[in-house]
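Whatever order the structure lists them in is the order used to number ligands and atoms, beginning at 1.
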Amino acid sequence: IFSSTAATFGEPQYTPIDEHHPQQPINPYGRTKLMVEQALADYERAYGFKSVCLRYFNPIGAHPSGSIGELPRGIPNNLAPYLTQAAAGLREALTVFGDDYPTPDGTAVRDYLHVMDLAEAHVAALRFLDKATDRQAFEVFNLGTGRAVSVKELLQAFERVNGIAVPHRIGARRQGDVTELWADPTQAEQRLGWKAKHSLDDMLRDAWNWQLRLAEE
Ligand code: UDP
């Protein structure tokens with residue numbers, strides 16, 4: 001099972017993104033992930049080696065117990081850890097990267113999914129591989145909720161769910177960011193028997209719970 005990424009698609013040509021969407025990554029992260037996808041496809045053709053590539057969209061949140069979560073080294077690059085650190089007062093303010101995108105509220109749109117759902121997808125993929133026929137020896141699945149959420153929407157949901165204000169300011173767009181990217185998870189549902197169960201509120205509650213637990217350490 002290979003942890004691939006929505007970044008292998010690059011600039012979306014249509015949304016939601018299904019497995020057949022062209023892959024033209026625009027950064028080294030996406031390019032290297034695509035190289036591994038291609039190597040696995042070759043490996044299957046050459047040696048019958050079975051694999052599943054899971055293309056993660058935007059996993060966030062933490063284990064509901066607060067005992068497992070993410071702690072990026074230094075200044076976080078990703079939205080969720082930056083946001084929880086700003087809410088905790090560890091960062092001065094969250095910068096919203098651009099509010100002039102052609103989206104309903106001007107901020108960029110992504111497909112956030114709970115890490116627990118993502119973990120379950122791996123179990124589903126293992127089961128799939130166990131039963132895979134030779135024709136199914138190399139498979140790719142897009143993993144998301146299929147729900148498009150803007151940066152502002154996520155920020156407001158975080159404040160509402162956790163009852164805490166997050167200091168933030170509007171900044172410039174970040175280079176390399178696409179306007180909108182969200183998944184069509186139909187294949188994962190139909191073929192892996194997997195579907196995201198957690199809501200955005202669950203993700204943001206668990207992310208904050210994890211940040212609070214970190215502060216206790
Ligand atoms: N973002 C933001 N401020 C931050 C970090 C991210 O506004 O400090 C935005 C970013 O522009 C993107 C979304 O949040 O629209 C998700 O970014 P992230 O880096 O978490 O994931 P990506 O989609 O880039 O893989």
**Message:** With a 4.5 Å cut-off on side-chain heavy atoms, are Leu143 and Trp194 touching?
**Reply:**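 A side-chain contact under 4.5 Å exists here.
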**Asked** Does the side chain of Leu54 reach to within under 4.5 Å of the side chain of His122, using non-hydrogen atoms?
**Response** yes
**Request:** Go through the side-chain N and O atoms of Thr186 and Asp184 and say whether any donor and acceptor fall under 3.5 Å apart.
**Result:**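 Judged by distance alone, the side chains do pair up.
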**Message:** If we count only N and O atoms by modelled type, under 3.5 Å, do the side chains of Glu139 and Gln187 hold a donor and an acceptor together?
**Reply:** no
**Within the 4.0 Å heavy-atom sphere of ligand 1, strictly under, residues** = Asn58, Asn77, Asn78, Leu79, Leu94, Thr95, Val96, Phe97, Ala108, Arg110, Tyr112, Val151, Arg174, Asp177
**Item:** Salt bridge flag under 4.0 Å for residues Arg173 and Asp100
**Value:** yes
**Prompt:** How would you list, by chain and number, every residue that makes a ring pair (Phe, Tyr, Trp, His ring centres under 6.0 Å) with Phe138, sequence neighbours excluded?
**Reply:** none
